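Encoded as structure tokens, the structure appears first; notes follow it.
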Amino acid sequence: MWLARRFLSSVVQRSQYAGQSGLFHRPLHGCLPKLEPRYLQCTSCWQSRVPVAGFETLKASITSTSEPCDEDNRSLDACYTSEQKDTILQRLNNASPSELAGVKLLRGRKSVNIVEYRTKNGPFKTLESVVNVPLLKHKSAVTVFNSILNPVKREREVRIQLAKFIRPEVDMSWLEEANAIVSIVCGTNKIAWAHVDREMMVLDWQELECPNFLKGKYLASAYLNDVSAVLKVLPSADFYIIEKSSISVQNTALFPIMAHMRTVEAMLFSLLEPRNLPQESNIPPKVLNMMRTAVGRHFELMVGDSRTSGARTVRQLMSDSVTKELPRINFPHNLLMKYRNAFQMSSKSEGEELCNALLQALAFYELLSKSST
């Protein structure tokens with residue numbers, strides 16, 4: 001009898017909610033449920049009801065958690081408040097190239113493009129206009145804006161994380177601020193160099209014969225004459241990068257070559273480094289070493305412990321400078337004409353020092369860029 005009354009009571013209570021469409025109820029007349037709060041009904045007593053989020057609430061919560069500006073067709077100005085836009089535009093319209101380089105994704109050519117664009121077209125008035133700057137698209141602009149609003153704070157002392165391919169140790173910020181470098185490679189009878197700026201433009205690229213190299217008994221005066229002749233025509237730069245050969249001291253057969261390389265290297269370090277500098281820790285060395293094997297690995301020129309010729313790589317770089325809109329490195333017309341038929345594969349390895357000097361300069365900037373990010 002008690003069970004019968006309980007069953008009849010539950011039927012009556014269920015019929016009272018028959019007109020309501022809930023999470024476990026079908027709507028009447030086949031219509032969709034209304035977008036309003038719903039209730040879960042207790043299956044034990046059929047009396048208690050627990051409110052749950054309706055469809056409108058769920059939709060709002062999902063929308064609120066989505067990231068703004070992820071879609072390329074969404075206006076950048078609609079993604080930020082007026083105060084945030086003022087902060088971003090203030091930085092983009094007034095910062096120098098070196099200051100812009102401190103913003104994520106704005107190192108190198110992009111910071112220069114921003115300055116050139118605002119000089120030609122006036123200050124940025126909207127965030128959307130920033131995508132007109134070469135190399136800056138929607139997604140990269142969002143990253144730049146967020147970096148300006150939430151800069152990563154780094155202490156200068158902490159940033160002394162040195163590149164493994166450079167010796168002696170130098171604060172990375174000094175290298176990043178360099179406007180141009182001269183990459184120097186010594187051969188058995190010549191010295192080659194490549195003068196490249198931070199915009200990846202080759203300013204000078206040549207070599208000079210050194211008739212006294214490996215002649216006689218390594219006379220210091222003879223070596224000094226050849227090295228001094230090179231220094232007279234060597235362009236000025238913020239840093240001079242000298243190739244560090246990878247000849248093993250245990251290979252006695254190559255000891256004369258190693259002694260020759262070390263002699264030239266020591267003279268270049270001595271003559272290129274400014275004299276009488278004050279003993280201050282904030283003045284970096286002007287002459288640096290770069291490991292030959294590091295450059296070989298960067299361009300995949302290593303076969304075991306030996307490095308192969310870079311002539312093919314240089315020819316491809318020269319071709320890309322003409323055919324590609326954004327080549328890895330840019331050559332002026334006169335240098336392309338001068339070396340258009342050079343660097344052919346041959347047993348004599350002609351032009352190998354020129355190739356190595358250029359590849360070392362390019363590897364320096366590209367590896368520096370990877371170390372900074």
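In this text, all values refer to a predicted model and were calculated from it rather than measured experimentally.
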task = Please lay out, stage by stage, how N113 and L136 fare under the test side chain to side chain contact (heavy atoms under 4.5 Å, CB included).
result = CA-CA 9 Å; N113 286 346; L136 273 178; over 6 Å; no
ask   = Does anything in residues 114-126 pair up under salt bridge (charged side-chain N to carboxylate O under 4.0 Å, His left out), and if so which pairs, sequence neighbours excluded?
value = R109-E116
key: Min side-chain heavy-atom separation I181-L288 under 4.5 Å   = no
inquiry  = If you apply the rule side chain to side chain donor-acceptor pair (under 3.5 Å), what do you find for Y80 with D86, and how did you get there?
reply    = CA-CA 10 Å; Y80 301 91; D86 291 341; over 6 Å; no
Polar side-chain atom of D238 near backbone of N179 as donor-acceptor pair, under 3.5 Å = yes
request  = Check the pair I184 / L234 against side chain to side chain contact (heavy atoms under 4.5 Å, CB included), numbers first and verdict last.
outcome  = CA-CA 10 Å; I184 305 173; L234 205 63; 3.8 Å; yes
message = Taking S319's backbone N and O only, do any of them form a donor-acceptor pair with T323's side chain (distance below 3.5 Å, no angle check)?
response = yes
remark   = Applied to residues 283-297, the salt bridge (charged side-chain N to carboxylate O under 4.0 Å, His left out) test, sequence neighbours excluded, yields E243-R292
task = Looking only at non-hydrogen atoms, find the nearest pair between L175 and L368 and report the distance.
result = O-CD2, 3.7 Å
key: Residue pair H260 / Y223, side-chain heavy-atom distance below 4.5 Å   = yes
Side-chain (D226) to main-chain (N212) donor-acceptor, under 3.5 angstrom = yes
Contact check, side chains of F213 and T263, non-hydrogen atoms, under 4.5 Å = no
task = Only one of R307, K244, M302 passes side chain to side chain contact (heavy atoms under 4.5 Å, CB included) with V295; say which it is.
result = R307
key: A141 to V131 - nearest heavy-atom pair and separation   = CB-CG1, 4.3 Å
ask   = Does the side chain of V130 come within less than 4.5 Å of L76's, by heavy atoms?
value = no
ask   = Is Q360 reaching over with its side chain to a backbone N or O of I241, donor-acceptor style, under 3.5 angstrom?
value = yes
message = Is the shortest side-chain heavy-atom distance between W193 and Y240 below 4.5 Å?
response = no
Min side-chain heavy-atom separation I329-L358 under 4.5 Å = yes
ask   = When rounded to the nearest 0.5 angstrom, what is the spacing between CG in L271 and CG in L224?
value = 6.0 Å
inquiry  = Any side-chain to backbone donor/acceptor pair from E273 onto V287? Under 3.5 Å, distance only.
reply    = yes
task = Using modelled atom types only, decide if a donor and an acceptor are shared between the side chain of S228 and the backbone of N225 within a distance under 3.5 Å.
result = no
inquiry  = Has D77 got a side-chain atom pairing as donor or acceptor with T126's backbone, closer than 3.5 angstrom?
reply    = no
ask   = Quick one: does R340's side chain have a donor or acceptor within less than 3.5 Å of a partner on M337's backbone?
value = yes
request  = Over all heavy atoms of both residues, which pair between W205 and K338 is shortest? Give the atoms and the distance, please.
outcome  = O-NZ, 4.5 Å
request  = Taking the side chain as every heavy atom from C-beta outward, state whether S245 and R262 have any atom pair closer than 4.5 Å.
outcome  = yes
task = Write down the atom of G310, the atom of L301, and the distance for their closest heavy-atom approach.
result = CA-CD1, 3.9 Å
task = Output yes when a side-chain donor or acceptor of D197 lies under 3.5 Å from a complementary backbone atom of M201, and no otherwise.
result = yes
ask   = Relative to the ring of Y117, is the ring of F124 parallel (under 30°), tilted (30 to 60°) or perpendicular (over 60°)?
value = parallel
ask   = Is the closest side-chain heavy-atom distance between M290 and L367 below 4.5 Å?
value = yes
